[in-house]
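First up is the structure itself, then whatever we jot down about it.
Residue indices begin at 1 and follow the sequence shown.
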Amino acid sequence: MKKHSARVAPLSACTSPVLTLTRVEADDHSPTSTVPTEAHIQAAIEANGPCHQCFLKYSITQIKKCSWGIAIILCVCSSWSGSTQLAKSTLSRFDAPFTLTWFSTNWNFFFFPIYYVGYILKSNEKQSPKQKYKEYCRFFGDSGLTVKAFFTKAAPFGVLWTLTNYLYLLAIKKISTTDVSALFCCNKAFVFLLSWIILQDKFMGVRIVAAIFAIAGIVMMTYSDGFHSHSVIGIALVVGSATMSALYKVLFKLILGGASFGEAALFLSVLGIFNVLFITCIPIILYFTKMEYWSTFEKIPWCSLCGFSVLQLTFNILVNFGIAITYPTLISCGIVLSVPINVVVDHYTSEIVFNGVRVIAIIIIGLGFFLLLLPEDWDVWIIKLLTCLKRKKNHLKEIAL
């Protein structure tokens with residue numbers, strides 16, 4: 001039986017995820033699988049006609065993946081929109097966005113322990129944490145996680161991670177969560193443009209159209225508020241956050257390539273350690289300079305801080321490891337579907353005005369996001385689908401005659 005192997009690029013906490021840099025290389029078929037063979041499919045077609053062809057091609061494995069995908073969509077959507085709304089609520093009582101960023105990033109340390117617990121529960125071959133650590137350290141190079149590798153292959157991504165989240169939280173202070181979550185979906189368009197420029201990825205006309213939609217949505221979103229200073233600054237911040245996230249993903253693919261689930265878990269835990277060791281000084285400086293100041297530690301809303309961090313950790317676990325049980329496209333759908341949830345929440349909890357321009361901007365950005373989810377051979381699939389439908393129509397005509 002062939003073993004499954006997956007490669008995944010660890011994503012930023014405020015990123016969409018799975019997005020474009022996830023690579024999955026898996027064979028779901030085995031000699032003892034219940035998946036129908038080509039001979040079975042052909043026999044069924046001859047016996048029942050072409051109308052059964054599309055249905056018979058869906059294996060039990062694919063149906064399970066779709067079922068898991070629905071559950072993952074709901075969880076991703078809930079954790080992403082929940083963390084955004086909770087961040088808005090927390091910042092209204094605890095005006096320290098960088099400290100909140102630092103606190104939530106520290107929770108990245110739990111990635112590798114959580115992965116190891118899952119490995120122990122699932123795998124028949126048990127290895128100690130130290131053995132798994134040494135195995136996955138090779139991801140950083142033949143010498144493992146050396147000081148040089150730490151500062152050249154981990155530290156830059158730690159900085160990008162912090163900037164992505166910090167700019168995102170600053171944007172939440174300026175504009176509504178609906179606008180922030182919708183605008184951040186442009187992240188996928190930026191990934192495509194940077195991949196095309198830096199990685200020389202394949203040019204696709206439909207993705208250029210999607211990028212144009214994203215840019216048009218940003219302009220329309222700015223226009224919807226009349227180009228007021230607070231809205232312009234907020235939109236600029238969230239666009240900057242999306243750009244940092246896109247740069248994170250493209251540079252990861254350029255420098256490190258891909259990573260297995262264990263390597264991704266270790267990498268994200270290393271980012272948490274980098275945050276504790278080298279970013280901790282910044283919240284302390286901000287506190288003593290009173291740029292981010294709170295009177296007493298008792299007044300810190302610890303429940304909100306921990307809740308936000310748990311939701312972000314959950315979101316990142318689903319985004320980075322969800323592809324083990326479902327399709328990356330479904331996970332991406334969970335992110336964009338969080339926008340309608342934020343719309344409903346903002347409608348009842350804030351004074352946001354959903355004028356025609358804002359609604360059209362959100363729809364255009366969402367449309368561009370879905371266009372970017374199309375596979376490279378989407379046109380081939382459409383031709384196959386049309387051919388299948390044509391054969392089905394002809395077969396029904398033959399039966400009628």
Would you say [X] and [Y] make side-chain contact, with heavy atoms under 4.5 Å?
X	Y	answer
Cys333	Phe370	yes
Asp95	Lys173	yes
Leu199	Leu254	yes

*Any donor and acceptor pair, going by atom type alone, linking the side chain of Asn108 with main-chain N or O of Leu271 inside 3.5 Å?*
no
With sequence neighbours excluded, tell me which residues meet ring pair (Phe, Tyr, Trp, His ring centres under 6.0 Å) with [X].
X	result
Tyr166	Phe98
Tyr119	Tyr116
Phe110	Trp107
Phe151	Phe278

_Distance, nearest 0.5 Å, that separates CG of Leu268 from CZ of Phe111_ =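 Separation between the atoms: 5.0 Å.
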_Quick check for you: to the nearest 0.5 Å, what is the distance between Ile212 atom CD1 and Leu371 atom CG?_
11.0 Å
With sequence neighbours excluded, tell me which residues meet side-chain hydrogen bond (donor to acceptor under 3.5 Å, both in side chains) with [X].
X	value
Thr243	none
Ser128	Gln131
Thr90	none

*According to the interplanar angle, ranging from 0 to 90°, do the rings of Phe112 and Tyr133 count as parallel (below 30°), tilted (30 to 60°) or perpendicular (above 60°)?*
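Perpendicular.
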*Which class fits the ring pair Tyr168 and Phe184: parallel under 30°, tilted 30 to 60°, perpendicular over 60°?*
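Taking Phe184 first and then Tyr168, their aromatic rings stand perpendicular (interplane angle over 60°).
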*Indicate, with yes or no, if the rings of Phe252 and Phe157 have centres closer together than 6.0 Å.*
yes
*Compute the centroid of each ring, for Phe267 and then for Trp161, and state whether the two points are separated by less than 6.0 Å.*
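Centroid separation for Phe267 and Trp161: 6.0 Å or greater.
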Kindly give the heavy-atom pair with the smallest separation between [X] and [Y], and that separation in Å.
X	Y	answer
Leu237	Leu167	O-CB, 3.7 Å
Val336	Gly366	CG2-CA, 4.2 Å
Ser309	Ser104	OG-CA, 3.3 Å
Met221	Ala361	N-CB, 3.8 Å

With sequence neighbours excluded, what pairs up with [X] under the side chain to side chain contact (heavy atoms under 4.5 Å, CB included) test?
X	answer
Leu163	Val159, Met244
Lys88	Ile172, Thr177
Ile215	none

*Using the side chain to side chain donor-acceptor pair (under 3.5 Å) rule, collect all pairs that involve residues 358-368, keeping only residues at least two apart or in two chains.*
Asp179-Arg358, Asp225-Arg358
*Mind jotting down which residue pairs meet the salt bridge (charged side-chain N to carboxylate O under 4.0 Å, His left out) criterion with at least one end in residues 333-344? Sequence neighbours excluded, please.*
none
